[in-house]
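To start, the structure under review is shown below, and the notes come after it.
Below, chain A is the first sequence line, B the second, and so on; all start at residue 1.
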Amino acid sequence: MNSLEQQISLLAKSAVKALYDLEAEDSQIQLQKTRPEFEGNITLVVFPFVKAARKAPAQVAAEIGEWLSANSEGLVARFNAVQGFLNLVIDDAFWVKQLVAIDADDHYGRQPERNQLMMVEYSSPNTNKPLHLGHVRNNLLGYSIAQIQEANGWKVVKTNIVNDRGIHICKSMLAWLKYGNGETPESSGKKGDHLIGDYYVRFDKEYKKQIAELMATGKDEETAKREAPLMLEAQEMLRKWEANDPEVRGLWAKMNEWVYAGFDETYKRMGVSFDKIYYESNTYLEGKSEVEKGLATGQFYRREDGSVWADLTKDGLDEKLLLRSDGTSVYMTQDIGTAKLRFQDYPIDKMVYVVGNEQEYHFKVLSILLDRLGFPFGKELVHFSYGMVELPNGKMKSREGTVVDADDLMDKMVEDAKEISKDKVNTLQGITPAEADEIARKVGLGALKYFILKVDPRKNMLFNPAESIDFNGNTGPFIQYTYARIQSVLRKAGERASANAYASSLENKELALIQRLCEYPSVVRTAGDEFSPAVICNYAYALACDFNSFYHDLSILNEPDEQKKELRLLLSANVAKVLRSAMRLLGIEMPERM
RNA sequence: GGUCCGGUAGCUCAGCUGGAUAGAGCAACAGCCUUCUAAGCUGUGGGUCUCGGGUUCGAAUCCCGACCGGAUCACCA
């Protein structure tokens with residue numbers, strides 16, 4: 001609710017009290033933006049008062065309208081009543097005042113500090129393959145959520161848990177040993193993460209071959225999978241890793257370093273970052289000891305084969321394995337340890353996990369287990385569960401090579417942006433090739449980020465590689481373009497003396513823009529409450545549309561009336577400010593020209 | 001089978017804490033650059049909001065049921 005809504009709400013309460021002797025509840029005061037086909041800025045729905053008034057809705061609307069006109073000290077300039085809808089026209093002076101106030105606020109939209117710490121975990125890659133489009137969605141959502149919550153007054157710590165140990169890493173390591181001939185990122189010219197990913201795929205290929213061979217000798221598939229020599233070797237390697245075998249550990253460290261160098265490059269390009277990185281190899285032992293404690297206090301139990309389980313049937317769930325019969329830990333064990341360390345390291349008030357919706361069960365269980373182990377934060381954890389990115393023929397599968405690679409995709413977007421900008425030589429004349437590259441980078445990545453963030457995070461989304469991501473319409477570049485246009489106008493306007501007089505009456509399109517600007521703080525709040533960058537996208541798009549319409553219809557620099565011109569410049573500058581602010585919450589950079 | 005999520009225009013998506021005649025973009029078609037950046041603006045066509053009940057002044061939105069699609073229920077992560 002913004003200040004106008006608050007004022008009207010109070011006035012409306014007074015009105016129904018005076019007219020019908022009704023003490024209206026907050027929920028009965030229903031305000032909405034007036035639909036464009038009617039005159040007015042804000043609309044009061046009067047149906048809730050009809051019963052108390054014992055009159056027809058249209059008459060009630062008219063009576064309240066009269067009362068507001070007479071008692072709002074000029075705020076309500078006029079009104080019209082359509083059935084049960086009271087459309088109020090707010091005085092232009094109010095809007096001009098709002099605009100001046102927005103202009104004076106350097107952090108417009110930012111909510112008050114709340115002095116509480118939110119930790120946001122996102123990305124959380126495995127170190128056996130490069131990042132793909134699914135990770136891109138995770139990273140962009142995680143980063144944007146962190147920005148949005150910061151704008152909502154939280155102190156935010158962005159964190160990453162790197163899944164750097166386990167059987168999947170051993171598979172890549174083994175394939176590299178067997179087929180790699182000592183290949184390195186330097187010798188091959190490949191990014192480290194891609195190099196390792198290639199060997200992960202290679203493992204799977206050779207493994208499948210062995211399975212087929214075993215099945216040809218008459219074994220069933222289950223047995224073949226279990227007994228394939230490559231799998232046995234990988235498991236042996238994992239045991240050696242856990243036993244701190246120096247050779248295996250050495251290879252592991254070396255190959256992980258290659259992967260991290262590759263990830264760092266990708267993260268940097270994507271524009272995401274972390275305040276604190278945890279590694280599973282450093283947290284899983286902590287998890288194990290927590291499980292042992294739970295075992296000692298009777299929270300968990302051990303089966304005859306030595307495996308440790310939690311009984312969650314009282315919570316309506318199943319039994320959950322926490323330690324394998326050979327004593328090695330599983331994903332859940334590690335997550336318990338990581339959570340404990342984090343709460344030791346930071347005074348966390350809210351812990352948010354940005355993880356796909358396929359892991360909803362996992363986090364339900366984690367929450368219960370942490371609670372049982374006596375951690376007060378267990379019940380409070382938030383699983384920010386987002387939908388999958390699907391391709392036209394279904395899910396992406398790393399092992400089967402049906403993935404859209406993150407690095408390739410970013411390359412392609414920047415290339416496309418560059419290609420498109422070649423037709424715009426008029427507006428980009430006089431810039432250096434380096435500047436042109438920088439613009440293409442911002443625009444290409446802006447298109448990608450907006451494309452992903454504009455869809456409701458909870459929903460699955462479809463990406464069709466055959467159709468390139470658009471640069472026209474409801475897109476990142478559209479918003480960047482709107483911004484660049486404004487910057488161009490402002491550059492031409494030159495230095496302006498501040499505190500000039502502004503026009504006191506407004507054109508419809510000016511008013512619509514100011515009203516839109518007024519919505520921004522509540523949009524930031526909603527995006528925070530709902531954990532939804534898409535809310536920011538929708539708003540930025542609407543604001544850009546409003547501006548383009550204004551820009552098309554009204555001249556700024558050629559406006560002869562100085563006060564009108566000043567108002568339009570002020571308005572334009574603040575639209576740019578809010579667009580930049582909104583895009584920053586999405587991690588999208590703005591070019592000054594394009 | 002249990003649980004969770006989704007189904008809105010040819011396609012991709014908004015709208016979903018109940019409000020006026022359901023919106024964008026893409027694709028198709030027709031216009032607008034001697035005027036501040038045409039990555040823009042304007043217009044046309046395009047809908048059984050999956051289906052059936054219910055709640056009420058009013059339902060795409062809330063409730064119940066069906067159908068369809070997805071996820072999950074591992075000594076995987």
Side-chain angles (χ1 to χ4, degrees), chain A residues 27 30 32 34-35 37-38 43 45-48 50-51 57 82-85 87 124 126 128 163 166-168 280 303 305-309 316-318 320-332 334-335 355-362 364-365 385 387-388 390 394-395 417 420-421 423-424 426-428 443 447 451 454-456 458-464 467 469-482 484-493 530 534-535 537-538 541-542 544-545 547-549 551-559 568-569 572 593-594:
Chain A
S27 64
Q30 295 177 27
Q32 58 191 38
T34 303
R35 300 190 64 128
E37 58 266 37
F38 303 102
T43 294
V45 182
V46 305
F47 289 108
V50 164
K51 213 172 220 173
V82 181
Q83 298 166 53
F85 299 90
N87 303 319
S124 310
N126 290 339
N128 65 329
N163 301 117
I167 190 76
H168 53 286
E280 187 187 334
R303 286 189 184 169
D305 62 5
S307 56
V308 176
W309 295 75
L317 302 174
D318 251 320
K320 184 74 189 177
L321 176 89
L322 297 175
L323 290 176
R324 298 192 184 98
S325 49
D326 65 1
T328 58
S329 66
V330 291
Y331 183 48
M332 187 62 75
Q334 169 270 121
D335 251 344
V355 178
N357 60 15
E358 56 196 352
Q359 294 193 31
E360 274 169 10
Y361 183 76
H362 173 80
K364 210 175 276 178
V365 173
S385 164
M388 301 288 97
E390 286 166 348
K395 270 188 77 171
I420 290 168
S421 72
D423 303 333
K424 322 282 176 198
N426 291 341
T427 58
L428 292 178
V443 173
F451 175 81
K454 81 171 172 180
V455 339
D456 183 338
R458 289 181 296 273
K459 291 187 178 174
N460 288 354
M461 63 176 291
L462 186 93
F463 175 79
N464 187 347
E467 300 167 9
I469 294 176
D470 244 294
F471 287 77
N472 297 317
N474 186 359
T475 66
F478 171 84
I479 292 162
Q480 291 170 319
Y481 176 73
T482 306
R485 267 180 150 180
I486 296 173
Q487 294 310 308
S488 174
V489 171
L490 294 178
R491 276 193 300 272
K492 287 187 175 158
E530 297 180 5
V535 167
C537 289
N538 291 341
Y541 178 63
C545 283
F547 181 82
N548 283 319
S549 173
Y551 179 90
H552 180 267
D553 289 6
L554 301 170
S555 182
I556 302 166
L557 297 175
N558 298 327
E559 168 58 48
R568 286 174 196 169
L569 282 168
S572 301
R593 44 197 309 193
M594 65 185 273

Nucleotide nearest A:S555 when distance is taken to its side chain, options B:G40, B:U3, B:C36: B:C36

Applying side-chain hydrogen bond (donor to acceptor under 3.5 Å, both in side chains), can you list everything that pairs with A:Q480, at least two apart in sequence or on another chain? none

Between B:U37, B:A77, B:A39, which nucleotide gets closest to the side-chain atoms of A:H168? B:A77

How would you list, by chain and number, every residue that makes a side chain to side chain contact (heavy atoms under 4.5 Å, CB included) with A:V365, sequence neighbours excluded? A:L312, A:L317, A:K320, A:M332, A:Y361, A:L369

Contact class for A:Y361 vs. all strands (heavy atom < 4.0 Å): base, sugar-phosphate, or nothing? sugar-phosphate

Just jot down the side-chain hydrogen bond (donor to acceptor under 3.5 Å, both in side chains) partners of A:S307, sequence neighbours excluded, or say none. A:D305, A:W309

Could you tell me which residues satisfy salt bridge (Lys or Arg N to Asp or Glu O under 4.0 Å) with A:R324, sequence neighbours excluded, listed by chain and number? none

Please write out the pairs of protein N or O atoms and N or O atoms of nucleotides 67-69 of chain B separated by less than 3.5 Å, giving the distance to one decimal.
none

Consider the side chain of A:Y481, meaning its heavy atoms from C-beta on, and name the nucleotide among B:A71, B:G40, B:A20 that approaches it most closely. B:G40

Using the side-chain hydrogen bond (donor to acceptor under 3.5 Å, both in side chains) criterion, which residues pair with A:H362? Sequence neighbours excluded. A:D335

Options B:A71, B:G70, B:A22, nucleotide nearest the side-chain atoms of A:E390: B:G70

For RNA chain B, the expected dot-bracket line (Watson-Crick or G-U under 3.5 Å, [ ] crossing, | inter-strand) is (((((((..((((.....[...)))).(((((.......))))).....(((((..]....))))))))))))....

In B/S/- notation (B base, S sugar-phosphate only, - none; protein heavy atoms under 4.0 Å), nucleotides 28-34 of chain B written 5' to 3' is -------

Check every strand shown and say whether A:T482 touches a base, only sugar-phosphate, or nothing at a heavy-atom separation below 4.0 Å. nothing

Set of residues satisfying ring pair (Phe, Tyr, Trp, His ring centres under 6.0 Å) with respect to A:F471, sequence neighbours excluded: none

With sequence neighbours left out, what residues match A:E358 under salt bridge (Lys or Arg N to Asp or Glu O under 4.0 Å)? A:K395

Name the nucleic acid region contacted by A:Q32, choosing base, sugar-phosphate or nothing; use a 4.0 angstrom heavy-atom cut-off, strictly under. base

Given B:A20, B:G70, B:C57, which nucleotide is nearest the side-chain atoms of A:F47? B:C57

Residues at least two apart in sequence or cross-chain that pass side-chain hydrogen bond (donor to acceptor under 3.5 Å, both in side chains) with A:T482, listed by chain then number, are A:N548

I'd like a table of atom pairs between the protein and nucleotides 12-14 of chain B - only N or O on both sides, under 3.5 Å - with the distance next to each one.
{"from": "B:C13", "atom 1": "OP1", "to": "A:L462", "atom 2": "N", "distance (Å)": "2.7"}
{"from": "B:A14", "atom 1": "OP1", "to": "A:D456", "atom 2": "N", "distance (Å)": "2.6"}
{"from": "B:A14", "atom 1": "OP2", "to": "A:K459", "atom 2": "NZ", "distance (Å)": "3.1"}
{"from": "B:A14", "atom 1": "O2'", "to": "A:N538", "atom 2": "ND2", "distance (Å)": "3.2"}

Is atom CZ of A:R593 surrounded by more than 12 heavy atoms (other residues, nucleotides or ligands) closer than 6.0 Å? yes

